[in-house]
Each structure stands twice: as C-alpha cells, then as structure tokens.
Amino acid sequence: MSRKYDFTAIEKKWQSYWDEHHTFKVGEDYSKPKFYALVEFPYPSGQGLHIGHPRPYTAMDIVSRKRRLEGYNVLFPMGWDAFGLPTENYAIKNKIHPALVTEKNVQHFKDQLKMLGLSFDWDREINTTDPDYYKWTQWIFLQMFKKGLAYKKEMAVNWCTSCKVVLANEEVVGGCCERCGGEVVRKVKSQWMLKITEYAQRLLDDLSEVNYLDKIKLTQKNWIGRSTGAEVDFTSTLGDKLTVYTTRPDTLFGATYMVIAPEHPLIEKWADKLENMDDIKAYQEMAARKSDFDRTEMNKDKTGVELKGVRAINPVNGREIPIFISDYVLMTYGTGAIMAVPAHDTRDYEFAKVFNLPIIEVVKGGDIEKEAFTDCATGIMTNSGFLDGLSVEEAKVKIKEWLTENGKGHEKVNYKLRDWVFSRQRYWGEPIPIVYCEKCGYVGLPESELPLTLPDVESYMPTDNGESPLSTLDSFINTTCPHCGGPAKRETDTMPQWAGSSWYFLRYCDPHNKDAVASKEALDYWMPVDWYNGGMEHTTLHLLYSRFWHKFLYDIGVVSQKEPYMKRTSHGMILGEDGQKMSKSRGNVINPDEVVKEYGADTLRLYEMFIGDFEKTAPWSPSSIKGCKRFLDRVWSLQDSVIDGDEYREAFTPSFHKTIKKVSEDIESLKFNTAIAAMMALVNDIYADGKINKAEYRTLLILLNPFAPHMTEEAFELMGFGILNEQPWPKYDEALCVEDSVEIVVQVNGRIKTKMSIAVDSDKEKVLEMALGDPKVKEAVDGKSVVKQIYVPNKLVNFVVK
RNA sequence: GCGGGUGUGGUGAAAUUGGCAGACACGCAAGAUUUAGGUUCUUGUGCCGUAAGGUGUGCAGGUUCAAGUCCUGUCACCCGCACCA
C-alpha cells in the first residue's frame with residue numbers, strides 16, 4: 001500500500017529541493033537552443049496574490065517545463081513592477097517609506113509564487129524600483145532625450161483631482177481615473193512627452209513580422225489608427241490659408257461649411273474683425289471647462305457658433321462658405337479644421353440639420369433627405385464639376401492630382417496615436433534625469449551620474465498646486481548645470497509606471513550587468529522573447545509602449561531585433577463564483593493561500609488550467625476543483641497497481657501514443673483543458689483495466705508533470721524512476737496512434753441507422769456491402785432505390801434513397 | 001455609433017477539412033466497500049417517451065447526402081473605443 005498523498009509535505013519537499021539545487025537556474029551554455037518564455041511581472045500590491053495570477057503563470061510554467069524536458073535552455077524569469085500609486089498611497093496613509101512597503105509586499109508575493117511551484121529562475125529576479133534597475137530606465141530616457149524623442153510641452157492634460165496626478169489618455173476611463181475612480185479634469189501643464197508618433201508607421205508595419213493573436217494585432221492597429229486622406233488649403237476672406245484634413249477629398253464639391261476647433265489659433269488672430277466675439281468667447285470657455293468625458297456625453301446634440309465676419313473659400317470652385325466653431329472638431333487631430341460635407345458624413349449632417357445649412361449630394365446612391373450617405377464606396381460622383389461620372393475611388397485619385405498640380409493641397413496620412421505624456425507629479429517613480437538651466441535650457445544628466453536616486457522626503461503627499469513631492473526638497477532641486485556649471489534646477493516630475501515595464505524583458509537576459517542594459521552577447525542569444533503571455537488589458541498600451549522602446553533601442557544599436565516579442569497570447573480573467581469580476585466590495589474574492597492549504601498547489605494549478613478555454617474568462621467554481629483533486633488522487637493511487645513492463649502493453653499502445661500526441665500539441669496551442677481531459681480519459685481506461693505497468697506509469701507521470709510538478713516528482717521518485725525533471729519528454733509515433741478497428745456510423749438519408757466496427761482503412765465496396773447487410777439499414781432501404789452512396793473513410797457511410 | 005467577442009445539458013465546458021453533438025469534469029440518482037464519511041469504487045444521467053421512436057447547439061431562413069461548424073437576416077449579453085474628419 002502506497003503512502004497517503006500528503007500534498008502539503010510533498011510540495012514543501014520539492015520546493016526546497018528545487019531551491020537548494022537551483023534546478024531552474026538558466027544555463028550559460030549559449031550554444032544550446034534557447035527558449036524565452038515571458039509572463040507579465042506583477043505589481044506587488046498589499047493584497048497579495050490574486051487567484052487570477054496563477055492562470056497565466058502556470059500556463060507558461062507548463063510550456064517552460066515541457067521545453068526543458070525537450071532539451072531547450074529555458075529562460076523563464078520573474079520580477080516586480082513595483083513603482084506605482086497604491087504603494088505610495090499606502091505609504092502616505094501609514095507614514096511608511098514606500099520602499100519598505102514594496103519590500104514587504106514583494107516578499108509576500110514571492111512566498112506565494114514559490115508556494116505554487118512555478119519554475120522561475122529566482123537568480124534573475126528584477127525590481128523596477130531598485131536603483132540598479134532604474135539606472136537603465138533613466139539611461140534609456142536620456143538616449144531618447146538626446147535623439148529629440150523626449151521633449152517638454154505645455155499642454156492640456158488629464159488631471160485626476162483625487163490622486164493629484166497627470167494621467168495618460170489611456171488611464172482615463174469614462175471620465176474617471178482608472179485607478180481611484182476620481183474625477184478627471186483638463187489642466188494645462190508643462191509635461192515631458194515621448195514622441196511615439198514618430199514610430200507610428202513602423203509600429204504598424206512590423207506587426208506583419210510577429211505572431212500575435214489576430215485580435216491583439218487589431219487592437220494595436222486600431223490604436224495607431226492610420227488613415228489616408230488629403231490636406232486641402234482653403235483660404236479665408238481675410239486672406240489666411242486655412243488647411244483642413246479630410247479622408248474624403250472626393251467630396252470637396254459638397255463642402256457647404258467649415259468647422260474649426262474652439263481652440264483654433266486663427267480665432268485669436270481674427271478677433272477684432274469678428275462681429276460676434278462675445279458669443280465665440282462664451283462658447284470657447286464652455287468647451288474649455290468641459291473634460292473630454294463631458295464633451296463626449298454631449299455628443300447627441302451638436303453645438304457651435306458661426307464666426308460672423310469671415311468666410312472660407314473652397315479652392316475647387318471658389319464658393320464662399322460659412323465657418324463655425326464646434327467642439328466636435330478636435331484641435332489635437334489633423335489640422336484642427338474640417339470641411340463639412342453634410343451629405344456624406346453623419347456628424348456634419350447632424351450639425352447641418354441643427355444650423356439649417358445646405359446639404360449638397362455629390363455621390364449618387366443614397367437618400368440625403370433622410371440621412372448622410374456615408375457607405376458609398378461604389379457610388380458615382382455628381383454635382384462635382386470635372387469629377388462627375390467617376391467612381392469614388394477614381395475621384396479620390398483625380399482630386400488629389402488636381403490639388404497637387406494647383407498647389408491647393410496634397411495627399412496626407414494621419415494617425416490617431418498621440419505622443420506619450422511621460423510626466424507624473426508623484427514621488428514613487430523614477431526621477432527624470434534632467435536639469436533646467438536658465439542659460440542652457442533642459443540638459444540631460446551625464447550618464448556617469450546615473451542612477452539619479454529618489455531622495456528621502458518627509459511627506460510623499462503631492463502638493464496642492466499639483467507639483468511633485470520632490471519639488472519641496474531644496475537639496476534635491478538645486479544643482480549645477482552639467483553643461484555650463486551654473487546654477488540649475490532638477491526636474492521634479494517622475495516617470496509613469498509604464499516606464500519600467502517597457503524594457504524589463506531585456507534586463508532578464510543579464511540582470512546583474514553594471515555597465516549596460518544587458519550584455520550584447522546575452523541580448524543576441526535570448527532575444528527576441530519567444531512567447532509572451534499576458535492579459536488582454538495590456539495588449540494596447542504596455543505592448544505598444546514596449547515595442548516603441550525596443551524599436552528605439554534597435555535604432556541606437558542596443559538590440560539586434562526590430563520586434564521584442566515573437567509571439568503574444570492572452571489569457572481570460574478568473575471571475576467570482578457569481579460570474580462577476582472578483583472584488584472586495586462584491587465579497588466574491590477567493591484567496592489562493594486557502595485553496596492551496598485545502599487542496600494543494602498541484603490541484604490549484606491543474607484546476608486553473610482545466611477551468612475552461614484559456615483565452616476566455618471563467619467563473620471560479622469551488623465544487624469543480626474537487627474533480628481535479630480526485631484525479632491527482634487517482635494518479636497517485638496507481639502506485640499500488642503497477643506491474644512490471646518496459647514497454648506499453650499492446651492494448652494500451654495506441655492510447656499512450658495518442659495521449660502523448662494530444663498533450664504535446666495541446667500545450668503548444670494553449671488548450672490545457674483538453675490536454676488534461678485526455679489524461680483523465682486515459683486514467684479512466686487504466687482504472688477499468690485495473691493495472692498499469694512501469695513504462696506506462698512513467699510516461700503518465702512525465703506528461704502530467706508540467707501541470708502537477710510536485711506530486712509527479714514524488715511518485716516518480718517513490719517508483720525508483722529517478723528525478724523526473726531530468727528525463728526527456730515522451731515521444732510518440734504517429735503510426736502507433738491508430739487503432740486496428742474503428743467504429744463507423746451508417747446513415748440512410750442522413751439519419752443514423754446503426755453503427756458498426758470495421759478494420760481501419762477498409763475498402764469502400766466491402767464497407768458498403770457490410771452496411772447494406774444490416775437489418776435496420778435493409779429495412780430503411782427496402783423498396784426504394786439508392787441514388788447515392790457516400791463513404792467517408794473510417795467515419796461514416798450514408799445511403800441516399802428515394 | 002464603430003470595432004472585437006460570446007450564445008451548446010441542472011453546472012464548467014468539448015467537438016481538424018462540414019461527417020456519431022455533449023469528450024472531460026462538477027452535480028444528481030442507484031448500488032458496493034467502510035464503525036462513519038464532504039472517502040473510495042461501479043453503473044446511469046441532454047430533453048420528451050415505459051418503449052419503439054422523436055427531438056435538440058439564442059431565433060428565422062438558406063446551401064448540402066450531411067450544418068454547432070458555411071451563407072443571409074435577426075435577437076440578447078459581454079469587452080474595448082468613443083465626435084479621429
């Protein structure tokens with residue numbers, strides 16, 4: 001009788017073994033084939049590990065463990081994305097230094113991750129808040145500054161009234177702060193910006209070189225938002241050039257008015273010539289007061305004010321049209337001015353209806369009495385002078401030619417992507433390594449002065465005027481200009497949390513390097529990341545930002561690949577039992593510690609992989625986890641039924657080869673749930689037989705090992721098989737996956753009449769004859785004529801009768 | 001509004017190229033072992049029907065010998081974006 005499956009003792013034993021033997025320490029043998037598996041490093045929050053964390057970690061752990069047995073040199077690292085607001089807020093509230101809070105949280109997280117038996121190489125652990133790490137975050141920023149990609153700009157930013165911090169557009173959700181839910185308003189501040197827009201086209205083009213899920217590529221594409229159109233130069237009756245951007249230059253003859261953004265600089269210039277300046281000012285103020293969210297809320301009814309005293313002249317036909325300001329036109333996109341073609345644009349149509357403006361049809365096919373005809377790719381031009389009779393596509397080409405020839409405009413590509421607001425008025429982030437000198441302007445710190453470490457301050461509270469807590473620290477601020485040696489002031493803003501995570505995958509390649517981001521040798525060997533799995537919520541920003549940084553580092557010769565990640569997949573969230581997102585307020589939070597205590601880490605791992613399609617969200621089910629525990633118990637108990645045998649028994653040969661194939665392939669395609677199901681089915685067959693031989697048990701334990709590493713190691717050792725982790729991954733033979741006979745279905749007119757067992761790959765004639773001999777088939781065919789006979793080899797027979 | 005996704009038993013879910021719908025698991029029912037069981041083992045389990053049989057993948061059509069899968073229309077829910085000219 002085997003010992004009881006004491007998972008607590010077994011898991012503790014093997015975790016210590018792995019620790020002591022540095023089992024998962026990455027080899028330095030750069031001649032071996034490599035595999036770099038990456039999971040998103042967590043933010044070490046005070047709550048500890050969430051039940052959702054193990055899902056992606058276990059998934060990539062399974063892939064990594066399999067790859068090791070397959071002979072690869074596997075890099076599977078872990079670290080901490082530890083700068084950020086919750087830690088800072090906790091520090092403020094409890095008057096503890098954020099570094100101490102971070103240290104405590106990291107320790108807790110690490111203990112929890114170890115408890116799960118994840119095969120991370122802990123010798124390569126990194127932490128974004130470690131000065132040895134953020135030295136290089138600052139270094140990369142400096143290189144960008146040198147190349148003109150980091151610049152300072154006065155701009156209206158999203159201001160969280162509660163966190164008192166500037167947020168990126170991406171961090172504003174529904175007009176509220178993504179983190180705290182506080183109100184977000186617009187505020188003009190001088191900010192550090194990163195010129196990601198300069199990389200827009202390459203970020204788009206190089207998507208063709210990587211293996212991301214289609215939906216991930218699509219989000220990247222949509223976020224970059226490339227559109228092709230034309231800039232058209234109108235002139236005002238006051239003599240200014242008034243350039244608009246349009247994707248529909250073909251509809252130029254249908255422009256019946258122009259709209260410019262309320263912030264448009266020409267308004268200031270025209271001020272003394274405008275007859276209704278009071279109305280205009282009032283509208284501008286109203287628009288400025290609104291946050292972006294409010295502006296969006298208002299979008300049912302178009303509002304605006306006509307600029308009285310000035311009109312725009314359409315270059316193509318000399319027609320004078322009125323100019324309006326309206327907040328539906330954004331200063332930040334295109335030229336901040338549009339030509340309005342109400343007949344063929346929904347927004348212009350709505351606006352024209354409100355202000356009773358003319359609507360001229362220039363593409364035939366719609367009913368412009370009812371609505372704007374926008375979906376008119378196949379339409380024919382009308383009321384458009386020399387464009388009449390052309391298709392929309394032809395007209396686009398012809399009008400662009402006309403504009404270029406006549407010096408009235410040109411083709412133009414625009415992107416929705418904006419430059420990245422990189423400043424945060426916070427303490428717990430990387431200091432920006434820049435000083436301001438009255439004489440020299442903004443000057444980067446010499447690299448020898450990096451890292452610029454965070455000074456200790458009394459209070460981490462942001463100041464009321466929205467400046468960083470660092471701004472209260474004279475000893476930090478006052479310095480000398482590295483350029484002229486005169487007095488200068490340090491930048492007091494810090495970097496956003498995205499900074500540290502934009503290059504962390506490079507640091508893992510060579511985490512202790514003092515002289516570089518990582519050695520060239522290590523980078524050339526390990527990069528690119530072979531497989532990166534993370535949450536869908538990071539597929540827009542983190543992915544885009546880190547691709548951008550990586551491309552920049554490629555440009556300055558730090559890395560040798562254009563793209564950082566060869567493959568990117570995403571996992572679904574684990575929801576509460578009620579199908580809702582887990583949260584304290586809903587009271588549906590599951591604590592991984594308790595699950596491990598009750599069922600063991602192996603069961604938790606197995607269950608999180610078995611719960612459903614890896615890419616989809618899945619509700620937690622406390623009763624289903626029992627099935628996984630039961631399965632592990634059954635595999636464990638097989639120790640009592642082991643008989644001798646160096647090869648699979650004949651009756652089980654196809655089952656084992658098929659299962660090896662299924663598990664091997666399913667792991668690669670993230671179908672962990674069906675891989676587990678296949679192993680369960682195999683174990684059920686073995687139970688039905690009552691016995692398992694040594695060769696079979698050995699294979700079963702290795703197959704299950706990536707999923708349940710502790711139990712399988714222990715059973716392996718107890719069986720005298722050695723150390724499982726040192727064995728090769730089992731092989732299968734395609735030819736041996738096939739059974740001798742197969743059951744096929746016999747249908748008449750598509751209805752199942754019977755099933756019969758035939759030899760694999762029997763010939764058609766024989767099978768048809770056999771099928772016709774079946775009494776049920778005979779009865780159904782009797783008195784009718786067979787018009788057609790269909791035979792799908794090894795699957796089914798279908799007689800079509802009349 | 002735009003983009004993406006999902007809809008299959010009492011529950012979580014499976015289902016290469018169209019080819020036995022419901023694998024695997026939970027739950028439930030019956031039985032066996034056990035002093036006991038939130039243990040273990042065996043059997044059964046989509047729905048209607050005693051059965052033969054019928055019926056069944058959100059809904060309505062279509063293509064096909066054959067549709068969860070392909071096509072057309074439609075409904076519901078979830079996620080992302082939100083006036084990007």
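Within 4.0 Å (heavy atoms only), A/L218 reaches sugar-phosphate atoms of the nucleic acid but no base atom. Looking at heavy-atom distances under 4.0 Å, A/I790 makes contact with a base. Nucleic acid contact for A/D348: none, since no nucleic acid atom lies under 4.0 Å from a heavy atom of the residue. At a threshold of 4.0 angstrom between heavy atoms, the contacts of A/N222 are confined to the sugar-phosphate backbone, with no base atom among them. Counting non-hydrogen atoms under 4.0 angstrom, A/Q789 reaches nothing in the nucleic acid. Among the protein residues, A/S621 comes within range of no part of the nucleic acid, since none of its heavy atoms lies under 4.0 Å from any strand. When heavy atoms are screened at a 4.0 angstrom cut-off, A/F610 is found touching base atoms of the nucleic acid.
Ring-plane geometry between A/Y328 and A/F351 is classed as tilted, the angle between the planes lying from 30 to 60 degrees on a 0 to 90 degree scale. Between A/F614 and A/H571, the ring planes are tilted. Angles from 30° to 60° get that label.
Of the candidate nucleotides B/A23, B/G19, B/C26, B/A23 has the atom nearest to the side chain of A/T674. Distance from the side chain of A/K215 is smallest for B/G4 among the nucleotides B/C24, B/C26, B/G4. Of the candidates B/G19, B/G12, B/C41, B/C41 carries the atom nearest the A/Y687 side chain, counting heavy atoms from C-beta on. For A/R630, whose side chain is taken as the heavy atoms from C-beta onward, the closest listed nucleotide among B/C24, B/U39, B/A85 is B/U39. Comparing atom distances between the A/T247 side chain and each of B/A23, B/A85, B/G12 picks out B/A85 as nearest. When the nucleotides B/G27, B/C24, B/G19 are ranked by their closest atom to the side chain of A/M680, B/C24 comes out on top.
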(Q) Wobble G-U and Watson-Crick pairs count when both distances are under 3.5 Å; given that, what is the 5' to 3' dot-bracket string of RNA chain B, with | for pairing to other strands? (A) (((((((..(((......[....)))((((((.......))))))(((....)))..(((((..]....))))))))))))....
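Separating the P atom of B/A76 from that of B/G68 is a span of 25 Å, rounded to the nearest Å. Only the P atoms considered, B/G22 is 15 Å distant from B/G10, to the nearest whole Å. Spacing of C1' atoms, B/G46 relative to B/A21, comes out at 10 Å, to the nearest Å. Atom name C1', nucleotides B/G19 and B/A66: the rounded distance is 7 Å, in whole Å.
A/N794 has its CG atom 18 Å from the P atom of B/U17, to the nearest Å. Distance, A/I744 CD1 to B/C65 P: 20 Å, rounded to whole Å. Nucleotide B/U39 holds its P atom 12 Å from the CD atom of A/E598, rounded to whole Å. As rounded to whole Å, 17 Å separates atom P of B/G12 from atom NZ of A/K626. To the nearest angstrom, P of B/G80 lies 10 Å from CD of A/E537.
OP1 or OP2 of B/A14 has at least one side-chain nitrogen or oxygen of A/N673 nearer than 4.0 Å. A/K788 has a side-chain polar atom (N or O) that falls below the 4.0 Å cut-off from OP1 or OP2 of B/C65. Note on A/S227: a side-chain N or O is less than 4.0 Å away from OP1 or OP2 of B/A85. Phosphate contact (OP1/OP2 of B/A25, side-chain N/O of A/N684, threshold under 4.0 Å): present. In this model, the phosphate group of B/U55 is approached by a side-chain N or O of A/R751 to a distance below 4.0 Å at OP1 or OP2. Between A/K671 and B/A15 there is a side-chain polar atom (N or O) within less than 4.0 angstrom of OP1 or OP2.
By the 4.0 Å N-to-carboxylate-O rule, A/E598 lies too far from A/K629 to be salt-bridged with it. With respect to the salt-bridge test (charged N to carboxylate O, under 4.0 angstrom), the residues A/R248 and A/D250 qualify.
Judged by distance alone, the side chains of A/N414 and A/S227 never bring a donor and an acceptor atom under 3.5 Å apart. Between the side chains of A/Y212 and A/T219, no donor-acceptor pair of N or O atoms lies under 3.5 Å.
Looking only at distances, no side-chain donor or acceptor of A/N673 sits under 3.5 Å from a matching main-chain atom of A/M609.
In this model, a side-chain donor or acceptor of A/K755 finds a partner on the base of B/C20 within 3.5 Å. A donor N or O paired with an acceptor N or O is found under 3.5 Å between the base of B/U17 and the side-chain atoms of A/K795.
Within the 4.5 Å cutoff, no side-chain heavy atoms of A/E615 are placed close to those of A/T569.
In this structure B/G12 sits in the anti conformation; its chi angle is more than 90° from 0.
Judged by a 6.0 Å distance limit and a 45° cone about the ring axis, A/R605 is not positioned over the six-membered ring of A/F707.
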